[in-house]
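Quick caveat: nothing in here was measured; it's all calculated off a predicted structure. Side chains included, hydrogens not; waters and symmetry mates left out as well; all remaining heavy atoms used.
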Amino acid sequence: SLKPDARVKWIASWVRQNMAPNGKWNDRRLIIFTEYQDTRLWLQNRLLELLDDLDPERHVASLTGITSPEDRERIKFAFNCNPAENPLRFLICTDAAREGINLQKDFDAVIHYDLSWNPTRHEQREGRVDRYGQETKKVRVLTYYGTDNQIDGVVLDVLLRKHRTIRSSLGISV
């Protein structure tokens, strides 16, 4: 479907409330992870539609496995600039960005749009923001899952089971 679903509408609402209150962008930044390139593209297009009055096209970047090394460096540089110096406010990416990019300077929120079967992937995604040098006291993380979606339920059960196994075996949480 090309229409925004409830998750996309919620993200657009969250962006408006937390990143553009009163219709004007603030200095907050958000990273949204998807599992697949097609989902990333669909999500980006739906958000552009829902936020078009804020001119989000200037404020959105994406990073995937097919992003060239030059573009990857340009995106990393842009997001590590002071928000007042660069208009980029949110990054929509696949798991290609879960390693090798440090975004703790101005990012304080991560949304897992898709669940990964591996809890370590979630931890790696969050590690782009929640790491040494993070200046905010609270990093917000939202993991989306559908209570009426059988696949999400199965994946969530697997994630929780793996989490418990890792915690009991190693004594650490992921």
Side-chain angles (χ1 to χ4, degrees), residues 2 4-5 7-116 118 120-144 174:
L2 294 179
D5 64 9
R7 294 186 297 177
V8 177
K9 290 176 182 175
W10 186 91
I11 292 170
S13 175
W14 189 93
V15 166
R16 284 184 187 285
Q17 289 175 341
N18 294 281
M19 298 176 67
N22 305 317
K24 187 169 170 105
W25 292 103
N26 62 24
D27 288 346
R28 295 191 66 189
R29 288 180 167 163
L30 164 70
I31 185 169
I32 303 171
F33 280 97
T34 67
E35 193 78 4
Y36 306 103
Q37 167 66 355
D38 288 345
T39 306
R40 191 228 30 100
L41 184 60
W42 178 85
L43 174 62
Q44 183 169 333
N45 288 333
R46 299 304 70 83
L47 283 173
L48 289 174
E49 291 168 8
L50 291 170
L51 299 170
D52 70 341
D53 61 308
L54 296 173
D55 191 19
E57 197 157 353
R58 292 184 46 225
H59 303 286
V60 178
S62 65
L63 204 148
T64 69
I66 60 172
T67 303
S68 72
E70 297 80 21
D71 284 344
R72 187 179 179 92
E73 288 304 312
R74 182 185 54 76
I75 290 167
K76 284 171 32 177
F77 177 79
F79 278 115
N80 280 302
C81 288
N82 183 316
E85 298 169 17
N86 192 293
L88 290 175
R89 293 295 179 259
F90 53 105
L91 177 63
I92 303 173
C93 55
T94 62
D95 279 333
R98 77 176 192 269
E99 295 178 344
I101 184 169
N102 300 327
L103 299 170
Q104 71 272 21
K105 185 169 182 235
D106 290 303
F107 281 77
D108 64 356
V110 176
I111 294 178
H112 301 286
Y113 188 80
D114 294 323
L115 294 175
S116 171
N118 184 339
T120 304
R121 282 195 173 178
H122 289 255
E123 183 178 23
Q124 289 170 330
R125 291 171 174 180
E126 294 160 17
R128 302 308 90 223
V129 174
D130 187 14
R131 62 188 307 116
Y132 180 76
Q134 175 57 258
E135 294 179 2
T136 58
K137 293 181 182 186
K138 184 185 286 189
V139 172
R140 295 180 179 119
V141 175
L142 172 72
T143 303
Y144 249 121
V174 292

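- Checked against side-chain contact (heavy atoms from CB on, under 4.5 Å), P87 has the following partners two or more places apart in sequence or in another chain: R58, H59.
- Heavy atoms only, all atoms of each residue included: A12 and L47 are closest at N-CD2, 3.9 Å.
- Rounding to the nearest 0.5 Å gives a distance of 4.5 Å between CD1 of I66 and CD of Q37.
- If you take CG on L54 and CG on L48, they are separated by 11.0 Å, rounding to the nearest 0.5 Å.
- To the nearest 0.5 Å, atoms CD1 (I92) and CG (N45) are separated by 9.0 Å.
- The side-chain heavy atoms of I31 and F90, taken from C-beta on, include no pair separated by under 4.5 Å.
- Every residue two or more places apart in sequence or in another chain that forms a side-chain contact (heavy atoms from CB on, under 4.5 Å) with S62 is listed here: R40, Q44.
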- Go through the steps to decide whether V8 and W42 satisfy the test side chain to side chain contact (heavy atoms under 4.5 Å, CB included), and finish with yes or no. CA-CA 10 Å; V8 177; W42 178 85; 3.4 Å; yes
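- Tested against T34, the residues I111, D114, T64 include a single side chain to side chain contact (heavy atoms under 4.5 Å, CB included) partner, D114.
- With rounding to the nearest 0.5 angstrom, the CD1 atom of I32 is 4.5 Å from the CD1 atom of I11.
- Nearest heavy atom pair, residue R89 against residue D27, reads NH2-OD1, 4.3 Å.
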- Message: The test is side chain to side chain contact (heavy atoms under 4.5 Å, CB included); show your working for L41 and Y36 and say whether it passes.
- Response: CA-CA 9 Å; L41 184 60; Y36 306 103; over 6 Å; no
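- Qualifying side chain to side chain donor-acceptor pair (under 3.5 Å) partners for N18, counting only residues two or more places apart in sequence or in other chains: R28.
- Remark: R74 engages D71 in a side-chain contact (heavy atoms from CB on, under 4.5 Å) (not counting sequence neighbours).
- In terms of heavy atoms, M19 sits closest to R29 at CE-CA, 3.9 Å.
- Under the rule for a side-chain contact (heavy atoms from CB on, under 4.5 Å), the partners of S13 that lie at least two apart in sequence or sit in another chain are Q17.
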- Show your working on side chain to side chain contact (heavy atoms under 4.5 Å, CB included) between D53 and R16 and close with a plain yes or no. CA-CA 11 Å; D53 61 308; R16 284 184 187 285; 2.6 Å; yes
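- A search for side chain to side chain donor-acceptor pair (under 3.5 Å) contacts involving D5 returns Y113, not counting sequence neighbours.
- W10 CH2 to L50 CG: the interatomic distance, rounded to the nearest 0.5 Å, is 14.0 Å.
- Pairing each heavy atom of C93 with each of L63, the nearest pair is CB-O, 2.9 Å.
- Here the side chains of L30 and W14 are in contact, with some heavy-atom distance below 4.5 Å.
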